[in-house]
Amino acid sequence: MLLPTITSALVGFLAALAPATLDDPTPVVVDDPTPVVEAQPAPKMILIRAHEVHTKPGVVLIDSSVLVRDGQIVAIGKDLEAPEGTQVLEGQTVCAGYIDPWSSLGLDLGSVSDLATGASTATSFAINGFGQEHYREAARNAGVLLVRSQAGASALIGGIGAALRAAPGGEVVLDDACLQFTCGIGRPGAGDLFDRVAEADRVASTLASGRSYRESQNEYRYDLEEWQKKIADEEAELEKDFKKAKKDRDKDIEKAKEKDKEFKESKYKEDKKPKAPKFDADKEVLARAANGELPVVVQINGGPEIRALLAATEELGRLRLVLSGAEGALPFADELAKRGISVILTPTRAGSRSDDRADLAGALAAKGVRVLVGTGGGANTVRDLAVLVQRAMAAGLTAEQALDAVTLGAAEAFDLADRYGSIEVGKVAELLVLDGAPITGTPKAIVTGGEVVEL
Amino acid sequence: MKTMKQLNLAGAALLALALVAPASEVAEPTLAISAAHVLVDGGTVVDDALVLVGDGKILAVGLKEDLLGKLPEGVHVVEHDGWLSSGMIAANATFGLTYTDDSTGAFMDDLRLAPAFNGDSKKLTAARELGITSFGLVTGRANVIGGIGAVAKTDGQIVNDAANLSICLAPPALRGNRFPTSYGGALGALRARIASGEGALAAAAKSGKLPVQIAVNSRGEIARAIDFAGAAGLNTVLRGATRAGDFAADLKKAKMMVALQPIGLGATAQTTGSMLALAKAGVPFAFGLADTSSIASLHESAALAKRAGLARATAWNSVTTTAAKLLGTEATMGRVAAGFDADLVLWSGDPLSITSRPVAVYIDGELSEGDKN
């Protein structure tokens, strides 16, 4: 038994040693079970058949299917073929997984309540994927598959928010989902009405300082370019007429000798080089925010400060503003709708209807404001997102607006819509299968991270 | 769903029978409400039903096709293309009370809440708008014996001015600056009062009829309350008692009931598990609002309890018939059936859904909220 093995190993060795010099075309048989090329693992296919496929808010495909390959949606249609080995999932309804646009999932209390945060403070650095698994599990089981978490939730400048999956470990899918500010009533130390309004003004002026920073940087870049061009021109001039320049120089040396003075070489004046503005990490972020490259969330509730904020940010034309809390937003609904400012509400049920914030969602939506619903902080309540939306539905939010509030609306507000928020070919398959309509139905299964979890 | 259907048919048959019998003795109907679904109680739904109301009472409930022909002329018929249910009942609440606790002593045996009740309170309006029609008026938790409470309706009327007694065997009542400062002190004093035969507590112990709501929090307090009330022979309702499920067997044996705090968002698995354990053991429980500021949480408790796994019927009964049982008004409140008070709510959708809201509320047959159609 030993001999053939040794022989074959020897043959293999020889073949490997000098394959090119061997003239003998006889193939060498290597008795080795290890394949030379590693086989590609078969793609993980999932086919979800549902009576209603809510591809996005307001669009329903009846008796259709969604095909998922390795966690990505590859086909949507009526009679999709399931390749061999496909896991088939059936349900009444399928829709995009819910997104909580206002949460603190994955964060420790200290990070959430930190008052010393700045514009460049990144929530993603504080995300702890090890603890709180029971909160994430409860969130997933209730259909909430993505959240926007925010550190510094009470600080005037809270820093950069992160979008993460409610999956085990809490994978961050976007580490710069927004820049958050908090101002006015409800903020520790917000003080009286003047202070509250002043805080709103500070938000706007802070953003404007970011814009100035960007402007001064642009100016520097322009000046530097000019300066470099000027030098290049002069150098070219010298190159072109070197002889004349040498003659002039010799003449100057002669002149200096005659006058018994030291000859001074004429030089480019380095001190004329434009000075780079001082690098400021916070202003870098503020500049992006002021320029509309990063959505800006302002947690704000009182009417006067909302009015002040809207007035002060009007001239920041590129700003992509989102209000959260927004209890006093109703009088400004028309302006919010006109400026395309979404609001994130937490529909609480207070004592009576008059101070019932569930009503606000319906009222704002009716005026054309895009309403998002978020749980507003506590990691333990993320799982109740759908219940909050149901409260808003009781107060007039339509089924379509309700689904938008926790899927596509939230995804678009935080630059996640290229991957999440609806069922489209090419998007990530973070999906929810329910026994009834979206939001009101009970989740029966989730598709997340390319896997099916039956509930 | 299948069982529900069967129940529907059985319920409809029974109700139709009930209608035929007492028809000659009762008042003439002055109002009729037709609804697509009538939630008679948690387990019974009648579709395409008509409810006849006269003299503040429900006169009959039956299929619309059976009853419409027998309706006298000139009776206003309200058409509602949705759900109709009984008004919800809070096992306890402090609506209409400005000062919920007397601060002069820990044992306010004979203090009566009814004279302090303000029927114009805005909280009553809010509660009514949210579909609550009656409640047990109780004191806060600051005194060991808080006083004699009432059963009131959210239109401002007192139905029974001596309907319950409030006791607290938990820290808010036991504090360092007055007697009693300890559990032992409080229990000793309560036993002494019962032994003396004087005061409302002694009377409640003697008759064993007056519902005594004992506010407790921790497991130790629950155990102590069960021992004390059982020995005293009180008609016991544990108030609060979030962990009462751990004592479900004891409570069942002692025929005690529980007025839970509302199930809110973020309720722990322990809280909902305790509630499910009570249901499994057959301990009657309802929800109370005395220890919360959110009036809306009564309706949500039923919906969230169902979401947490409680049977639909038990969930609805916890805010209607079982609450009435805790208050001793189960013969007149909590069901949409002949002979019961005409406290009715028309809903925008299924009453057990959070997306539903009351669109009209009737108390004793009088419309108090919403538009007449």
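Below, chain A is the first sequence line, B the second, and so on; all start at residue 1.
Counting heavy atoms from C-beta outward, Arg307(B) and Val387(A) have side chains that approach closer than 4.5 Å.
Heavy atoms of Ala138(A) lying under 4.5 Å from chain B are absent altogether. Only the side chain of Leu304(B) comes within contact range of chain A, with at least one heavy atom under 4.5 Å from a heavy atom of that chain.
Taking OG of Ser353(B) as the reference point, atom CE of Met393(A) lies at 8.0 Å (rounded to 0.5 Å). Atom-to-atom distance recorded for Leu397(A):CG and Thr355(B):OG1 is 11.5 Å, nearest 0.5 angstrom.
The neighbour count for Lys306(B) NZ, taken as heavy atoms of other residues, nucleotides or ligands under 6.0 Å away, is above 12. Open room surrounds CG on Leu109(A); 12 or fewer heavy atoms of other groups in view lie less than 6.0 Å from it.
Of all heavy-atom pairs between Leu388(A) and Leu265(B), the closest is CD2-CD1, 3.3 Å. When all heavy atoms of Arg357(B) and Ala394(A) are compared, the closest pair comes out as CD-O, 3.5 Å. In this structure, Ala267(B) and Arg383(A) approach most closely via the heavy-atom pair O-NH2, 2.6 Å.
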